[in-house]
Every structure is written in C-alpha cells, then in structure tokens.
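Note sheet for the following structure.
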Amino acid sequence: MDSFTAITLAVFLPFILAGILPVVEKLLKNRIGWYAAAVAFLSLVLVAQVAPTVIHGESIQGSITWIPSLGIDLSFYGDGLSVMFGIIVSTIGIIIMSYSNGYMSKREDLPRYYQQLLFFMGSMLGMVFSANLIQLFIFWELTSITSFMLIGYWRNRPMSVYGATKSLLITATGGLFMLAGFLVLHAITGTFDIPTILHSESMIEFIKGHELFLLALILIFIGAASKSAQGPFYVWLPNAMEAPTPVSAFLHSATMVKAGIYLVARIHPIFSGTDAWFILVSGVGIITMIMAGFLAFRQTDIKGILAYSTISQLAYLMTMYGYTTLHHPGIGVAAATFHLLNHATFKASLFLVAGIVAHETATRDITKMGGLRKEMPITFILATIGALAMAGIPPLNGFLSKEMFYEASYEMGHLLGGPFTYLIPALAVLGGVLTFAYSIKLIDGIFLGKRPSHGLPEHIHDPGWTMIIPTAFLAVLIILFGLVPSIPSHYIVQPATESILLEPVDLHVQLWHGFTPALMMTIATFILGILIYTRYDSIAAWQNRFNSRHPMLSVNYLYDATVDNAKNVTFGFSSRMQPGNIKTYVIALLLLMIALFMIPVVLLTADIIPSTLNFDIPPYEGILFLFMIIAGLGAALLPRYVPAIISLSGLGYLVSLLFIYLSAPDLALTQILVETLSTIIFLLAIVKIPQKFREHVTPAVLTRDLLIASAVALTVFVLLINATQGIVAPFESLSHYFIENSLPLAGGHNIVNVIIVDFRGYDTLGEISVLCLAAFGVYNLIHSRGEEE
C-alpha cells in the first residue's frame with residue numbers, strides 16, 4: 001500500500017467503521033469498546049506505515065480532484081509534524097477506548113459514545129494530514145462539532161449542555177476567524193495548497209512583506225487561540241470537564257486542544273521571524289501561562305485543576321513556538337515539539353487517574369479526599385508518576401522538556417537584550433513554579449495525609465485491569481521517554497521539528513547537561529515551588545474572596561451576560577424590524593417581486609407581449625389548460641377549506657399531466673409526490689380548525705388584494721412568455737440556454753436533472769436542508785407529544 005492511500009484510509013476508516021457500531025453492538029454487547037479500540041489501532045498502523053518515510057526527511061502528498069473551479073482538491077500531506085500528531089491521536093485513541101470499557105456503565109448508550117469518539121478521531125486525523133487550507137478548515141470544524149457532542153454526551157445534565165454549547169460557540173466562532181485568515185492568505189498567495197506555500201521561499205518572503213500580512217496572522221491566530229483555550233478564550237475548557245472523564249482525557253489533554261498548537265506549528269514557517277509573531281504568539285502564551293497556573297490554585301475539583309493546568313501547559317507550547325527573531329526564527333521549536341509529546345502522555349495519564357478516583361470515591365472534590373494511598377496503591381503510584389512529570393521532576397519526561405523550555409527562554413531573553421534578558425527567563429520560572437505547586441497539590445490532596453472520617457465510601461480499592469493497564473502504559477512511556485529520550489527525540493520529535501523549521505535538525509536530548517542556566521532555573525523552580533506550596537490554601541482563599549467581591553472582573557461573566565442577553569436583544573431587534581402580521585410581509589414580498597421583475601421586462605423589451613407567440617395549440621392541450629384554470633379558480637373562490645385544498649391539489653396533479661405531455665416524466669413524478677405530501681399535510685393541519693372562512697374582508701381590502709394578485713399574475717405571465725421567447729438580444733430564451741449548455745457545462749443529457757443538480761445545485765441543496773430541518777421539527781413534535789402522553 002502506498003503512503004497516500006495509507007493516510008487516506010487512516011483518516012476515513014474511523015468514519016466508515018463507526019457506522020456499523022450498532023450492528024457490532026448486537027454481536028459484542030457491552031464489549032464494543034474493544035472494537036472501537038481496534039479501529040483506532042488500525043489507524044495507528046496505517047499512520048506508522050508512513051513514519052519511515054518522514055524519518056528520512058521526505059514528505060508524502062497526493063490529491064483527488066474535488067472542486068477544480070475553485071482550486072480545491074481532497075489532498076493529504078504527510079510530514080514529520082502531521083505524522084507525530086497522527087501517532088498521538090491514534091495512540092491516545094486506543095488507550096481511551098480501551099479504558100472506557102471499564103469506565104462507562106453498561107446502561108449508557110455505548111454505540112453513540114464510541115461513534116462520537118471515532119468521528120472525533122477521524123476529524124483530528126483529517127485535520128493534521130490536510131494539505132489544503134479549506135479542507136483543514138472543514139476537518140477543524142468537524143472536531144468542534146464532534147467535541148460538542150462528546151462534551152454534551154450526558155444530555156440530561158444542564159452543566160453538560162452548558163459546557164458543550166460554550167465550547168462550540170467559542171471554538172467554532174474562532175474557526176470562522178481562521179477561515180477569514182485563510183481567505184486573506186489566499187488573496188496574497190493565490191493558492192490554498194499548504195505545501196506549495198511552505199516550500200516556496202519567495203512566496204513566504206512575499207507574504208511577510210505584504211500589507212495584509214498582519215491581518216492574516218491575527219485572524220488565523222484567533223482560530224488557534226480559541227481552539228487551544230488561550231487568552232480570553234480559555235473559559236470554555238474548564239466547563240468542558242462535564243464530559244465523561246475518558247472524553248476529557250482524549251479531547252483536552254492530547255488532541256482537540258492541541259489543534260490550535262498544531263495550526264501554530266504548521267504556519268510557523270510562514271509567519272515566524274517577525275516581531276508581530278513574537279509579540280502575538282509568545283505574548284498571549286506567557287500571559288495565559290501565568291494566569292491559568294495562578295487560577296488553578298482555587299480549584300477544588302480534580303478535573304478543574306487539570307483543566308487549568310492544561311491551559312497553562314498549552315500556553316507553554318504557544319510561548320515556545322512564539323520565540324523568534326529575524327535571524328533566529330526557531331528558538332523554541334524543538335523544545336515545544338518535545339513538550340507537546342510529553343504533555344500528551346502525562347496529562348492523559350492524570351485524567352485517567354482522575355476518572356479512577358472519581359469512579360471509586362463517587363466524588364471529584366479534592367477537599368473531601370486524603371490518605372487514599374493505602375487503599376489505592378497502584379493508582380497512587382501511577383498518579384505520582386504523572387504529577388511529577390508535569391511538575392518537571394527528573395528523571396521523567398516532563399523534566400527534559402521543561403529544561404528545554406528554560407533553555408529556550410534564556411536564549412530568547414539574551415537575544416532580545418535589555419530588560420528582556422531577565423524578564424523572559426523569570427516569567428518562564430514563574431510558570432514552572434505554579435505548575436510545580438498545583439502538581440504537588442494533586443498528590444497531596446488525594447493520596448497523602450489522613451483519610452477523612454466521613455464523606456467517602458467505606459471500601460475503596462484500585463480498579464480492574466481494564467482501567468489500570470491503559471494508565472500504566474502511559475506511565476511507562478513517561479519513564480521511558482525520560483530515561484531514554486533518544487527514542488522519541490530521534491524517531492518522532494526530530495522529524496517533526498525538521499518539518500516545522502524546513503531544514504535538517506540534529507537533536508540531542510539527555511538528562512544531564514551540566515550546570516547550565518537552565519538547571520539553575522530548575523533548582524530555583526523547586527525551591528520557590530515548595531515555598532509557594534506552603535501558602536497554597538491562603539492563595540486559593542484570597543482568589544475566592546476576590547472573585548466573590550468582583551464577579552464582573554471575569555471573562556465567564558462577560559460570556560454569560562452576552563449569551564443570556566442574546567434572546568432579549570434579538571427579540572427587541574425583531575420587534576422593531578417585524579412589527580406587523582404575516583399578511584403585511586406577504587404583501588410586501590409580492591410588491592417587491594413585481595418591482596424586481598416587471599420593471600426590467602418593461603425596460604428591456606420592445607413589446608411586453610411578444611408578437612411571435614404561438615396560440616395554435618392542440619385541442620386536448622387546450623382542454624388541459626381549461627381544467628387547470630377551473631381548478632385554480634376553485635382554490636381561490638370555494639368557501640370551505642377542504643374543497644379549496646382539493647381543488648388546489650387537483651391543479652397540481654393537472655400540472656403533472658402537463659409535464660408528462662411535455663416528456664418530463666421525472667418532473668411529473670416529483671410534482672405528484674409533492675402534491676400528495678402537501679395535500680396530506682394541509683388536511684392534517686386544518687382538521688381541528690373551523691372549516692369556513694370567517695375573516696371579515698372589507699371592499700377596500702378586497703379590492704387591494706385583487707389588484708395585487710392580478711399584478712402578480714400579470715408579472716409572472718409577462719415574465720414567462722418573454723423568458724421563453726428571449727427577453728432581448730443577444731440573450732436567448734431560457735430553454736435555449738439550457739439546451740445549449742447542459743452537456744458542455746454539466747456533462748448531462750437529461751436537462752431537467754442537470755438544472756436541478758448542477759445549474760440549481762445550491763438551490764436544491766438549500767431545499768433539501770430545509771426539508772431535513774422540517775422533518776427534524778416534525779419528528780421532535782411527535783416525539784415530545786409521545787413523551788407527554
């Protein structure tokens with residue numbers, strides 16, 4: 001199998017195989033999680049097939065024609081960065097789906113749960129392997145939609161719905177900004193193809209000197225920051241913790257939240273090496289790192305602490321990818337890439353530990369815990385490994401990437417000089433100190449000290465192997481990457497770094513580098529971290545007091561105020577814009593139609609009624625038209641609803657006969673189906689209302705309505721007879737245009753089908769969408785009525 005096929009299958013197999021989960025559930029029952037894990041394993045094998053190629057510094061690209069008129073193809077691009085993300089996504093996917101076999105209750109809707117997980121995994125793989133900006137955006141938004149479903153998995157819990165809605169509103173809106181940035185980038189370069197831009201030095205130089213450079217950078221970065229919960233966009237991530245814990249581990253430690261990081265790494269060659277890049281990316285990263293680390297102190301929910309720690313750790317990555325100068329555009333790239341891999345291991349393991357603890361203790365409130373190390377010794381060991389790695393304790397992998405972060409910060413500070421010489425390293429250490437403190441809090445609060453006398457179940461123990469082994473596997477990776485860093489650095493991190501910097505990199509990572517400035521910063525971190533931890537509870541209490549006194553100084557407050565007031569604002573707007581009843585709008589629309597169609601016809605045509613009209617029609621066709629007129633008059637004049645509706649339906653069926661006579665059987669069939677459905681709906685709708693028209697109509701109103709109706713009829717009549725005859729030279733008739741162009745432009749011999757599918761493609765798509773929405777509405781009405789009964 002060639003590499004392009006392997007990537008394509010790795011992306012789409014999760015979508016395809018997720019579709020048969022309901023069938024698999026009938027065979028495997030509650031063990032379908034193993035099937036989902038097998039699908040993720042299959043994707044990992046396919047991605048791994050590409051790895052040897054990228055390790056040797058090569059890349060893979062292939063495409064399938066999609067929208068050639070817009071220069072958009074379904075294309076995939078595999079290099080070190082995308083393969084590293086592919087390995088992380090599929091590996092963590094295997095772990096999460098295996099773990100879920102023990103975590104999820106058998107009473108849950110398991111097919112829906114695993115389907116959504118696989119859809120999400122496929123979306124992430126599609127995004128990281130996309131070679132086209134529009135395709136990347138589509139998969140990007142798919143991750144937003146699937147994560148919305150996963151976060152709101154427990155649909156009967158208000159906080160789950162709130163968290164899911166919040167994440168969708170913020171990340172999807174950020175995605176729209178990103179799309180606008182892509183369009184600006186296309187306006188500069190003339191292409192959506194990512195490799196074309198990345199591998200053209202002249203094009204990159206042109207972008208950096210273009211007047212739209214800053215606008216493109218800001219728009220794209222808003223998308224990245226919203227997805228990775230940076231800056232003011234961070235507020236969605238803590239509420240997203242209402243999802244099942246395996247989902248949190250998958251979305252918020254290893255995959256979804258790193259989508260923004262991936263985007264920053266992917267566009268790094270295009271925008272880095274500029275002051276704007278450094279100020280925007282590193283500036284937002286440093287502020288978020290300090291802010292999130294500080295806010296983590298007041299959290300008492302285990303997942304709440306992990307949420308803020310995730311925000312802070314992602315900010316580490318943003319900061320490092322933002323380190324850049326004109327002559328040194330990639331100072332922190334290797335450090336960020338290595339930390340990205342390490343963070344996926346220790347943060348996923350901590351989330352799984354949180355799930356185990358909540359599963360056994362029936363609470364996630366850390367203030368109600370303590371002393372669980374004796375009852376849960378294995379979990380205690382695994383949690384300690386994950387927390388110490390996050391704190392940067394040697395010899396675990398977190399220590400190595402933290403050292404690289406400090407080294408990059410030290411270098412960046414000295415390159416900038418002046419106050420930055422000490423400021424940037426000092427801020428990096430402050431971020432490390434806060435990380436150290438909340439990492440220790442996790443272990444101390446849950447496992448150390450004394451067991452509380454009440455509030456916890458009497459018997460607590462380690463879970464079964466289904467939940468232990470996936471967590472232990474991550475712990476083994478944490479230790480392995482720490483003790484033997486050459487394995488991940490050579491085979492994963494180095495190819496990824498080379499694909500970001502677009503040049504060969506010789507990466508050496510080892511535990512002992514001597515007495516370097518980075519080591520001194522680490523020692524300072526541990527000393528200050530211990531001191532800060534002694535004041536942990538005091539700092540948390542101060543934050544709580546401040547928050548209670550100044551609730552408006554909160555991004556969450558602004559979000560809630562905006563969303564809660566949206567209904568009133570839209571109601572006030574619509575009240576002003578639509579003050580009358582529906583009859584007024586119908587009249588306005590009809591008058592607008594008369595103005596839009598009749599005026600051009602009068603202005604463009606010499607004779608409103610063409611002199612070439614053919615009134616010589618066969619008798620049976622004339623009889624058909626006579627019946628249609630009678631049916632139309634019946635629909636308008638009959639005094640009862642049912643006869644009027646039947647007359648209207650009769651008119652529709654007569655039109656279908658006309659279609660048959662004009663050799664358009666498929667159009668006739670469509671007309672018959674629509675008329676049948678419309679008649680049924682009309683009859684169902686009027687069955688409970690009075691059967692006579694009781695509206696009192698004054699002579700003035702009747703005259704007005706007759707004039708409008710006559711004008712509309714005349715407009716349509718004049719428009720049609722001119723359209724069929726050719727409005728004005730050199731324009732031909734509508735039928736002539738479609739006859740001439742159906743085959744060369746759309747490749748179809750059936751003109752009716754070509755008009756519906758190609759010439760009116762978007763219109764038809766819109767009609768289908770409206771019908772689908774209407775069907776959903778009808779279904780919900782029937783469903784809700786059934787529940788009430």
Side-chain angles (χ1 to χ4, degrees), residues 12 15-16 18-19 66-70 72-74 112 115-116 119-120 122-123 126-127 130 132-150 152 155 161 164-165 167-180 182-183 566-567 570 573-574 577-578 582 585-586 589 592-593 596 652 664 666-682 684-685 738 742 745-748 750-785:
F12 287 109
F15 291 101
I16 298 170
W66 184 10
I67 311 176
S69 60
L70 297 178
I72 300 173
D73 296 331
L74 178 66
R112 177 167 66 90
Q115 273 183 335
Q116 292 172 357
F119 288 157
F120 173 78
S123 303
M127 189 201 71
S130 287
N132 186 288
L133 291 171
I134 300 300
Q135 181 183 324
L136 188 153
F137 167 75
I138 292 172
F139 280 111
W140 176 285
E141 292 297 31
L142 276 177
T143 64
S144 295
I145 294 170
T146 50
S147 61
F148 164 76
M149 294 189 292
L150 284 166
R155 291 178 290 194
V161 175
T165 306
S167 72
L168 182 66
L169 285 176
I170 294 176
T171 60
T173 304
L176 294 178
F177 278 94
M178 182 189 73
L179 176 62
F182 288 167
L183 295 177
K567 182 180 178 181
T570 53
F573 179 79
S574 60
M577 298 302 295
Q578 299 178 343
I582 192 168
Y585 308 129
V586 172
L589 287 173
L592 180 64
M593 189 193 80
L596 288 177
D666 46 356
L667 204 58
L669 177 62
T670 305
Q671 179 72 22
I672 291 172
L673 292 174
V674 170
E675 285 302 329
T676 304
L677 184 61
S678 302
T679 304
I680 293 172
I681 292 174
F682 271 132
L684 288 175
F738 289 120
S742 290
L745 292 184
N750 189 319
I751 297 175
V752 174
N753 287 347
V754 168
I755 291 173
I756 294 174
V757 175
D758 292 278
F759 291 109
R760 287 181 52 222
Y762 284 115
D763 186 22
T764 305
L765 181 64
E767 291 171 354
I768 294 171
S769 304
V770 170
L771 288 174
C772 289
L773 289 173
F776 280 126
V778 171
Y779 171 77
N780 280 327
L781 284 173
I782 296 172
H783 186 67
S784 61
R785 187 169 181 176

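What you see is a predicted model, and the numbers here were worked out from it, not measured in a lab.
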Measure the spacing between [atom1] of [X] and [atom2] of [Y] and express it to the nearest 0.5 Å.
X      : Y      : atom1 : atom2 : result
Ser742 : Asn750 : OG    : CG    : 9.0 Å
Ile138 : Thr143 : CD1   : OG1   : 12.5 Å
Ser144 : Leu169 : OG    : CG    : 10.5 Å
Tyr585 : Leu592 : OH    : CG    : 15.0 Å
Met149 : Ile145 : CE    : CD1   : 7.5 Å
Phe148 : Glu141 : CZ    : CD    : 13.0 Å

For this session: Could you tell me which non-hydrogen atom of Gln116 sits nearest to which non-hydrogen atom of Thr146, and how far apart they are?
Result: O-CB, 4.5 Å
Exercise. Is it the case that more than 12 heavy atoms not belonging to Arg155 sit under 6.0 Å from its CZ atom?
Worked result: no
For this session: Look at atom CZ of Phe759 and say whether more than 12 heavy atoms of other residues, nucleotides or ligands are closer to it than 6.0 Å.
Result: yes
For this session: Take Ser130 and Phe137, measure what side chain to side chain contact (heavy atoms under 4.5 Å, CB included) needs, and give me the verdict at the end.
Result: CA-CA 9 Å; Ser130 287; Phe137 167 75; over 6 Å; no
Exercise. Any side-chain heavy atom of Leu142 sitting closer than 4.5 Å to one from Met127?
Worked result: no
For this session: Give me the ring orientation class for Phe139 and Phe15: parallel if the planes are under 30° apart, tilted from 30 to 60°, perpendicular past 60°.
Result: tilted
Seminar exercise, completed: Which of Ile680, Leu673, Thr679 passes side chain to side chain contact (heavy atoms under 4.5 Å, CB included) with Thr676? It is Ile680
For this session: Apply the test side chain to side chain contact (heavy atoms under 4.5 Å, CB included) to residues Leu179 and Ile134: give CA-CA distance (whole Å), side-chain angles for both, the deciding distance (0.1 Å), then the verdict.
Result: CA-CA 8 Å; Leu179 176 62; Ile134 300 300; 4.0 Å; yes
